[in-house]
Amino acid sequence: MRLPALKTLALLLPAVAAVAAQDASSSMSASSASMTGSSTASSASGSSSLTSTATASASSSGTATSGGAASSSSVNPLTEKPPAAVPSATTTPSAMIPSGPLPPSQELCTSPIYCPGPLLQAVQLAGIFEDSKTFVDKATSKPESEVLDNFNKLGGGNTSNITYEEIVQFVDDNFVAEGVELVPADLGEEFVQDPEFLQGVEDEVVRDWLKQVHSYWELLARTTNSSSPSGVQCDGCVSSFIPFNESRVFVVPGGRFRELYYWDTFFVIEGLITSQLQSVVKAILENFGDLIDRLGFIPNGNRVYYENRSQPPFFTLMIDKYIEAYNDTSVLQRFLPLLEKEMEFWRNNRTIEFTSPFTNNTHNITHYKVDTSAPRPESYLEDYKTVEDASESGLELNDTQKAQLYSDLASGAESGSDYSGARWSKRPTINLTDTIPAQRFLNTAQQLPVDLNAILFACEQKLSAFYKVSGNGTQSNMTRANYWAQQAQARKQAVLDVFWDPSRKFFYDFNVTLGDRAPYYTPAGFFPLWAQILPQEFVNETISLDQRRQNLQGVFSGLRYIIDRFNGTIPASLVTTGQQWDFANAWPPHTYIALEALRNLPDSLSAGPQLPAENGTFALIPMTNGTNQLGQTQDSLPIQPIEYQPGSMINETQAGATDPNNPEQELNPIMNVGNSTTGESWRDELVRELANRYVASALCSWRATGGKLNTTDPNFQAVPDDVLTANGLNASTAIGNMFEKFNASDINAAGGGGEYEVQVGFGWTNGVAIWLGGQLGANLTRPECPPVVAQNTTSSE
Ligand SMILES: *[C@@H]1O[C@H](CO)[C@@H](O)[C@H](O)[C@H]1NC(C)=O
Ligand SMILES: *[C@@H]1O[C@H](CO)[C@@H](O)[C@H](O)[C@H]1NC(C)=O
Ligand SMILES: *[C@@H]1O[C@H](CO)[C@@H](O)[C@H](O)[C@H]1NC(C)=O
Ligand SMILES: *[C@@H]1O[C@H](CO)[C@@H](O)[C@H](O)[C@H]1NC(C)=O
Ligand SMILES: *[C@@H]1O[C@H](CO)[C@@H](O)[C@H](O)[C@H]1NC(C)=O
Ligand SMILES: *[C@@H]1O[C@H](CO)[C@@H](O)[C@H](O)[C@H]1NC(C)=O
Ligand SMILES: *[C@@H]1O[C@H](CO)[C@@H](O)[C@H](O)[C@H]1NC(C)=O
Ligand SMILES: *[C@@H]1O[C@H](CO)[C@@H](O)[C@H](O)[C@H]1NC(C)=O
Ligand SMILES: *[C@@H]1O[C@H](CO)[C@@H](O)[C@H](O)[C@H]1NC(C)=O
Ligand SMILES: *[C@@H]1O[C@H](CO)[C@@H](O)[C@H](O)[C@H]1NC(C)=O
Ligand SMILES: *[C@@H]1O[C@H](CO)[C@@H](O)[C@H](O)[C@H]1NC(C)=O
Ligand SMILES: *[C@@H]1O[C@H](CO)[C@@H](O)[C@H](O)[C@H]1NC(C)=O
């Protein structure tokens, strides 16, 4: 079936400013929607969020964080509610909402409201919210049974005969604003304005910026209303929020991500530790512990609609960071049994025996594979269109194949890289402006993920170490310590056998359909190095140290070239697909993992200077049998444009070239890589450069969206109001956006593409920035930000 163009009615629910303590039901009915929409149902395109490919620097998404100065007395811009419904278009109120086949009900998601079923399908296919997640984050304003009764009366009792007017009225009458179960949390006296790490940040501009980023924890901290842990406001009312055993603080990513997220939080915790917020870290760990208690694993986020899937499993490593920072092993008493449970979930539900075609050895390999045959409730409309309209991309799917595709969609989300065309789609470049066609060809479960197996190796190693600890409520258990050490050893063998490519000198996902490693270079390949899995050719002492050092530089030669070629930080892949985990998007966790991969290398192997590169650093990339590590030639790689000169680009053939008469001298020094020091090793050079690129991307895009610095440096004066206004920001309230993702070739811009608008706030972006300040504060220099140009006019700053 084919969905009609999706139109929405104007003005559904009114904006709700105060989060807590408000009588939601009365405020809803007081301003019930006026139905003003009357445009024709056949005009123009469907829901804009489906096809959005914004690569814009400062789009209207800026409004989510820009609202009030960062002073403590002002409104919290992140908790101020956006209008509850921002219709993407209008339609005739009396028109019927779309209907179509109902996917099967789900064992792992059973709410009759928030999980796949007639109610969810009717509301979501109507497309009355710009973002499908809005509806499933609304608590009911009436007892669940009453809501269901009210739904069953719609359309005269016939679900295929419901009008837009009816469904809007239904949502209005039966639900409150999204996210009301959460309230801002007070961080109390533990929060200090000037945490110690700032003293180690030498540059005044970077220091002032990081001080402001540190203050954003106060904007992102949440808790539940203590009188109602699930946030509902009447007896029998329900919400999708999975409550914790107690009301404790946690940190949200920001924007539409208004609950606790799993893998995001590892990077948040690195920042919180640097920010001296121990009790917040501890509370977050306890919250995750509650989720394992309840579900046996950690869901993607604490909403019932996430109960069938997890995310990259960093919980063991969060506990390790906590213990390392505070030397408090008392937490192991509660958490060890829970970590066992979580690991059991990955072993039992996500692990297959796989025989390597390279050695014929059989290994346990873990992959992302969600047990579902229905759309993700929070992306229902998008997934439904992807699957039910697959014939638009030439696919005729039977029910088994539809179920498989729904599962692959959810598995892509479980991977955290939703979606990477390069990693998960069989046809990544089928359509660069519409994300849906490539997603119709997802093959997630058949792509064995190198990053997941490296993360689990790290967890197994840490578990082994935890079992060796005695005292403070825990007793060592050498049997268990040895068991986990063996698991880690087996995992390491698997990673080296299946994912390490000895000729391309890098780690790659394994494509089961292809029967070989995938061709695409992605930052997932850094995870084994971060976890300190090093192939024999680097550690076997029968090979000379010099040779091993050179071999190891080969592993990082792709990264070396990427830094030389592009202006920003490391992109999610080197293919442009329009998906958000591909070029040119660059994500904070990837920079963190690549940096730690470098920093975790043994010192003996990472000493010595960078190899000279007379012909540019592309020539350093290992190449065998016509393929190289990046899987591309210099010409096939995406270009690095020079701004405002359409068609222009930097001469990539010279990227990283050194003077033949003075091999340590670069011919065209690249920007925003900090200041080199004499005798710096090749590893320290890459660390410094990558760290400074992260700062450049985060700081410049923040400044471009209204971030203001306390400095006399003429290059860092505030962007003029008229430029901000022309770029769609509210100049009087803009405080600078910390974006969830960056653009690898434009450091002033945010990332783009994907299924939803670029989000700001933003937990892991801030976490990695603050962590960098703590770890490498002396090496961070103020960036050179390109001029901020007004997009709607020709004037520039
Ligand atoms: C559909 O609803 C309209 C009014 O809303 C009603 O007149 C009509 O009989 C209904 N049709 C069916 C098949 O239920
Ligand atoms: C994990 O597998 C068990 C059966 O072994 C099943 O009962 C459970 O629902 C699965 N959990 C998830 C989240 O898939
Ligand atoms: C950490 O705690 C252990 C006991 O659990 C103690 O022996 C050790 O000295 C502590 N280390 C630090 C750095 O405080
Ligand atoms: C024992 O745990 C407490 C926290 O419960 C911590 O403050 C203390 O430092 C720990 N002592 C040792 C020796 O690890
Ligand atoms: C793996 O086993 C198959 C079938 O026995 C054999 O043909 C192949 O050569 C073996 N491969 C390796 C790498 O040993
Ligand atoms: C895979 O794991 C299971 C359960 O731990 C174990 O019984 C089996 O031997 C493992 N397979 C391999 C090839 O290691
Ligand atoms: C669905 O299609 C696939 C591929 O053509 C086929 O193998 C499978 O048997 C079909 N399943 C059903 C239930 O028709
Ligand atoms: C995997 O290999 C198959 C077979 O060559 C190919 O069609 C597909 O594009 C590859 N990638 C993925 C993600 O499946
Ligand atoms: C990509 O999708 C858009 C929007 O659906 C469509 O207009 C365009 O023709 C498609 N491009 C290709 C190459 O199929
Ligand atoms: C160690 O752990 C194993 C497995 O959980 C358990 O059977 C055993 O009793 C434990 N040993 C000690 C000394 O606690
Ligand atoms: C180290 O290299 C030597 C020489 O190539 C080889 O014989 C030996 O097996 C290697 N050691 C390991 C542990 O692979
Ligand atoms: C990239 O950086 C170069 C300087 O190295 C600069 O000239 C160019 O304008 C930048 N491009 C963009 C899109 O920011």
Side-chain angles (χ1 to χ4, degrees), residues 2-3 5-6 44-53 55-57 332-333 336-341 343-344 382 385-386 389-390 392-394 421 427-441 463-464 466-470 473-487 562-569 576-579 584 586 638-652 654-656 666-673 689 692-693 696-697 700-701 703-704 742-750 753 783-789 796:
R2 188 175 196 294
L3 290 174
L6 295 157
S45 69
S47 162
S48 65
S49 63
L50 293 182
T51 53
S52 160
T53 53
T55 54
S57 43
L332 292 175
Q333 196 177 7
L336 267 179
L338 296 173
L339 295 178
E340 289 276 359
K341 256 196 189 175
M343 294 300 277
E344 173 64 13
E382 292 80 352
K385 270 179 65 96
T386 302
D389 293 349
E392 287 178 6
S393 300
R427 307 272 305 271
T429 57
I430 181 173
N431 191 319
L432 306 185
T433 57
D434 181 353
T435 57
I436 284 185
Q439 290 168 16
R440 294 192 171 118
F441 294 90
L463 271 168
S464 176
F466 292 163
Y467 274 110
K468 293 179 186 155
V469 172
S470 265
T474 60
Q475 206 197 334
S476 68
N477 185 332
M478 289 315 289
T479 314
R480 216 58 199 147
N482 290 337
Y483 169 80
W484 284 112
Q486 281 161 16
Q487 295 295 304
I562 286 168
I563 292 175
D564 291 336
R565 176 165 177 141
F566 300 111
N567 284 10
T569 186
T576 305
T577 66
Q579 308 285 337
I639 58 149
Q640 169 59 58
I642 297 175
E643 230 165 349
Y644 322 126
Q645 297 169 34
S648 70
M649 65 188 91
I650 287 173
N651 180 2
E652 284 101 359
Q654 290 305 303
E666 258 182 59
L667 290 175
N668 299 299
I670 48 172
M671 291 232 295
N672 292 327
V673 289
E689 296 190 354
N692 277 282
R693 283 298 175 77
S697 299
C700 295
S701 56
R703 176 175 171 275
F742 308 119
N743 182 316
S745 56
D746 183 350
I747 59 173
N748 269 357
E784 277 183 51
C785 302
V788 180
V789 174
S796 79

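Just so you know, ligand 1 is whichever comes first in the structure, and atom 1 is the first atom listed for that ligand. All residue numbers in this chain count up from 1 along the given sequence. What's counted below: heavy atoms across the whole structure, side chains too, no hydrogens, waters or symmetry copies.
Residue Asn477 holds the heavy atom nearest to atom 6 (C) of ligand 10 of all those in Asn477, Thr479, Thr474.
Shown in contact with Asn567 at under 4.0 Å from a heavy atom are these atoms of ligand 12, numbered in order with element: 1 (C), 2 (O), 3 (C), 8 (C), 10 (C), 11 (N), 12 (C), 14 (O). Within the listing of ligand 12, atoms 11 (N), 12 (C), 13 (C) sit less than 4.0 angstrom from a heavy atom of Pro641. Using a 4.0 Å cut-off to heavy atoms of Met671, the atoms of ligand 12 that qualify are 4 (C), 5 (O). Atoms of ligand 9 lying under 4.0 Å from any heavy atom of Asn431, numbered from 1 in the order shown and given with element: 1 (C), 2 (O), 3 (C), 8 (C), 10 (C), 11 (N), 12 (C), 14 (O). Residue Gln640 has at least one heavy-atom neighbour below 4.0 Å for each of these atoms of ligand 12: 1 (C), 11 (N), 12 (C), 13 (C).
Distance remark: protein heavy atom present below 4.0 angstrom from atom 11 (N) of ligand 10. Within a 4.0 Å radius of atom 14 (O) of ligand 10, the protein contributes at least one heavy atom.
The closest side-chain heavy-atom distance from Glu340 to Arg480 is below 4.5 Å. Cys700 places a side-chain heavy atom less than 4.5 Å from the side chain of Asn748.
Atom OG1 in Thr576 sits 9.5 Å away from atom CD1 in Ile639 (nearest 0.5 Å). With rounding to the nearest 0.5 Å, the separation of CD1 in Ile436 from OG1 in Thr386 is 4.0 Å. In this structure, NZ on Lys385 lies 7.5 Å from CZ on Arg440, to the nearest 0.5 angstrom. Rounding to the nearest 0.5 Å places OG1 of Thr577 at 12.0 Å from CD1 of Ile430.
The environment of CD in Glu784 is sparse: at most 12 heavy-atom neighbours from other residues, nucleotides or ligands sit within 6.0 Å.
Residue, atom and distance of the protein heavy atom nearest to atom 5 (O) of ligand 10 are Arg480 CD, 3.9 Å.
Contacts between Thr433 and ligand 9, counted as non-hydrogen atom pairs separated by less than 4.0 Å, involve the side chain only.
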